[in-house]
Amino acid sequence: MSLESKIQFIVSQSVLSLYKIETEASHIQIQKTKKEFEGDLTVVVFPFVKAARKSPEATGQEIGALICQQNPLVTSFNVIKGFLNLTISKTYWLDTLTEIFENHSYGIKLPTADSDIMMIEYSSPNTNKPLHLGHIRNNLLGFSISEIQKANGWQVVKTNIVNDRGIHICKSMLAWQKFGNAETPQSTGMKGDHLVGKYYVVFDQAYKVQIAELIEKGATEDEAKKNAPLIVEAQQMLLAWERNDPQVRQLWETMNGWVYAGFDQTYIRMGVNFDKIYYESETYLIGKEEVERGVRENEFYVRPDKSVWADLTSKGLDEKLLLRADGTSVYMTQDIGTAKLRYDDYDIKKMVYVVGNEQNYHFQVLSLLLDKLGYSWGNDLVHFSYGMVELPEGKMKSREGTVVDADDLMAEMIDTARDTAIELGKLEQCTSQEIAEVARIVGLGALKYFILKVDPRKNMTFNPRESIDFNGNTGPFIQYTHARIKSVLRKAVEQHIDFGTKIDNTLLISEKETNLIQLLTDFPSVIKQAGDEFSPALVANYCYELVKEFNQFYHDFSILKEENEALKKFRLQLAASVANVVKIAMGLLGIEVPERM
RNA sequence: GGUCUUGUAGCUCAGCUGGAUAGAGCAACAGCCUUCUAAGCUGUGGGUCAUGGGUUCGAAUCCCAUCGAGAUCACCA
């Protein structure tokens with residue numbers, strides 16, 4: 001039972017005996033005592049003043065006196081306005097620290113073999129261009145959410161749907177065929193995804209030239225866009241692909257192979273991974289079958305031009321296209337097929353899609369369509385809808401070349417981390433390999449924390465001209481605190497200080513130390529809340545709060561130079577516990593912490 | 001136009017399941033390294049919580065309206 005619920009129970013008993021009112025313990029408002037007041041926990045007494053028929057102050061005094069007298073857990077109290085501040089016994093805090101110190105997976109609820117399965121889809125790239133900053137947010141959120149749900153006892157299956165077919169990839173293929181001079185990643189030294197992306201751009205440029213020429217010759221813009229030879233050829237290529245044309249298929253496999261090799265590098269660098277990968281080329285046919293079944297069951301209808309639609313007007317939405325007039329499938333068709341396949345493959349309890357908020361409508365429709373197709377789980381899909389990453393000028397636009405490339409950004413962050421470390425004279429006795437490793441951890445830590453500390457639902461701004469900070473509320477600041485603690489712990493070992501044994505729970509400890517223990521006790525509920533709300537930001541902000549508090553303690557108190565052996569041992573345990581929680585919490589964000597930096 | 005999201009310090013963000021004087025970081029300025037890592041710590045200045053109403057003992061937080069920003073309503077994905 002948490003301290004908070006214990007206090008809630010005690011207060012409800014006291015209120016009952018004093019004022020004869022029954023209060024649900026969980027409804028009693030408890031909060032952390034604000035820094036400027038004395039005490040650890042605060043009870044809001046306003047709800048009782050009516051029954052007490054006394055002033056808020058008097059009511060608080062009365063409740064406080066009774067609690068204090070009856071429970072050794074509470075050692076003193078004070079009342080300010082309608083707030084009853086309780087001070088919890090140091091013994092309780094010391095015993096609590098012992099529990100935390102001894103539990104190396106503190107806060108984590110490990111899944112078991114029969115835990116429910118949560119499938120989390122994230123990343124979901126198109127295979128026609130490299131990953132950019134928007135994908136970084138998606139990947140980091142998806143990975144972190146997965147780790148957080150695991151820590152809440154779910155069996156998580158991380159999945160990725162690769163959009164590997166369609167007109168977009170045909171555009172890259174066609175441009176490479178026409179203008180590529182048989183370039184390969186090997187011959188150019190380019191990462192495969194970047195090489196393919198290059199030809200996607202080449203296509204677009206050549207296509208624009210053709211459109212301009214047609215307009216010059218008197219065509220309207222729409223006609224020009226529709227009739228430009230390149231786009232016609234790309235469409236033919238898509239049809240050839242669907243017919244399994246061997247040459248087109250061969251080219252497709254080759255170029256997608258380049259892209260996957262490139263993506264794999266990016267994923268590894270980013271530190272994300274998947275348990276099961278689905279490919280649109282393998283699921284879109286299942287989607288088509290489902291849609292056709294829907295037509296047979298009169299859930300969907302066919303228009304005179306043979307296109308297939310779902311009428312969702314009764315749900316307040318529009319009509320939705322499911323199959324084009326030429327029989328080819330659209331994005332929605334594919335998503336229906338993928339969903340069905342996944343539920344066939346796994347006993348999914350909860351399906352989560354990490355997809356940007358620009359697709360809110362899409363997922364609303366997807367749920368309804370699956371429901372119409374008779375899948376009871378259709379309504380249970382969770383669209384974890386996150387906000388866009390914007391530049392100070394607004395959205396990233398590939399046409400204007402303002403897209404921030406994922407590989408470039410990570411490399412820059414790592415470079416900056418290394419430069420900073422050298423400039424500050426850190427790591428002087430480390431090998432170049434060790435320096436590179438710390439630079440990697442810190443650079444990526446800065447980037448990941450920068451993105452994950454923001455409430456995922458909100459749009460966020462990234463300014464490429466101002467490099468991401470390494471001071472203040474940042475990843476490196478948190479990593480630094482961890483490194484400092486580890487340094488102290490190493491020194492303690494060198495000095496043969498044995499701090500692993502149980503501490504004296506009658507020690508007198510300071511307010512600062514008590515606060516730190518109290519912060520540590522918050523960790524499990526932070527993980528729970530982060531899971532319930534799908535918010536890595538809660539974990540990030542918690543880490544910052546904890547570490548900030550620790551740094552003040554570190555500044556004001558000496559650990560190794562403390563003369564009282566029992567106190568020294570206590571502080572070592574406290575520091576070690578903070579380091580452990582920081583490590584676990586940062587791990588939930590997909591951020592590593594270095595032993596030194 | 002319909003639906004949804006959003007508006008907190010110069011900038012980037014917390015706080016939003018109603019509670020005490022609205023918090024951090026960056027930027028600016030002023031201090032602290034013979035003392036466990038100064039990527040740290042301390043201090044100063046900086047706010048009409050978009051605006052107006054309402055509910056309440058109490059509103060940045062909940063409700064309504066207005067204004068601003070964004071997303072979406074494609075035979076794109």
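The chains referred to below are lettered A, B, ... by the order of the sequence lines, with proteins before strands, and numbering in each begins at 1.
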* Would you tell me if any nitrogen or oxygen in the side chain of K458(A) comes within less than 4.0 Å of OP1 or OP2 on G7(B)? => yes
* For G25(B), does either OP1 or OP2 sit under 4.0 Å from a side-chain N or O belonging to K548(A)? -> yes
* Should D415(A) and R418(A) count as an ion pair when the cut-off is N to O under 4.0 Å? -> yes
* Ring-on-base stacking A20(B) with F37(A) (under 5.5 Å, under 30°) -> yes
* Using the six-membered ring for Trp and the full ring for Phe, Tyr or His, decide whether F46(A) stacks on the six-membered base ring of G19(B) (centres under 5.5 Å, planes under 30°). => yes
* Considering only the P atoms, how many Å lie between U55(B) and U3(B), rounded to the nearest integer? -> 27 Å
* To do: With the side chain of K34(A) defined as its heavy atoms from C-beta on, choose the nearest nucleotide among G19(B), G40(B), A20(B).
  => A20(B)
* Pairing nucleotide - C4(B), Watson-Crick or G-U, each distance under 3.5 Å -> G70(B)
* Taking the six-membered ring for Trp and the full ring for Phe, Tyr or His, determine whether the centres of Y200(A) and F203(A) are under 6.0 Å apart. => no
* Asked: Are F83(A) and A20(B) stacked, counting the six-membered base ring, centres under 5.5 Å, planes under 30°?
  -> yes
* Asked: G18(B) phosphate, OP1 or OP2: any side-chain N/O from Q29(A) under 4.0 angstrom?
  -> no
* To do: Starting from C1' on C33(B), measure out to CG on L424(A) and report it in whole angstrom.
  => 14 Å
* Asked: In whole Å, what separates the P atom of A50(B) from that of U12(B)?
  -> 15 Å
* What interatomic distance, in whole Å, is found between C1' of A9(B) and the corresponding atom of G70(B)? -> 23 Å
* Parallel, tilted or perpendicular: which fits the ring planes of F46(A) and F83(A), with parallel below 30° and perpendicular above 60°? -> perpendicular
* Using the P atom in both, what is the distance from A22(B) to U44(B), to the nearest Å? -> 16 Å
* Asked: U34(B) pairs with which nucleotide, Watson-Crick or G-U wobble, both distances below 3.5 Å?
  -> none
* Structure fact -> Using Watson-Crick geometry (N1-N3 plus N6-O4 or O6-N4) or G-U wobble (N1-O2, O6-N3), each under 3.5 Å, C26(B) is paired with G10(B)
* Given U37(B), C36(B), A77(B), which nucleotide is nearest the side-chain atoms of L560(A)? -> C36(B)
* Using the C1' atoms only, state how far C33(B) lies from A38(B), rounded to an integer number of Å. => 6 Å
* Asked: Should A65(B) form a Watson-Crick or G-U wobble pair with both distances under 3.5 Å, which nucleotide is its partner?
  -> U51(B)
* Do T33(A) and D40(A) have a side chain donor and acceptor closer than 3.5 Å? -> no
* To do: Remember a base hit wins even if backbone is also touched, and classify Y361(A) as base, sugar-phosphate or nothing at under 4.0 Å, heavy atoms.
  => sugar-phosphate
* Taking only N and O in the side chain of R324(A), is any of them less than 4.0 Å away from OP1 or OP2 of A74(B)? -> no
* Asked: Rounded to whole angstrom units, what separation is found between the CG atom of L323(A) and the P atom of C75(B)?
  -> 13 Å
* Heavy atoms of other groups near K528(A) NZ, more than 12 under 6.0 Å -> no
* To do: Assign Q359(A) to base, sugar-phosphate, or nothing according to its heavy-atom contacts below 4.0 angstrom with the strands shown.
  => base
* Charged tip of R165(A) within 45° of Y284(A) ring normal and under 6.0 Å -> yes
* To do: Could you measure between the two C1' atoms, the one in A59(B) and the one in G53(B), and give it in whole Å?
  => 13 Å
* Asked: In whole angstrom, what separates Y200(A)'s OH from A77(B)'s P?
  -> 10 Å
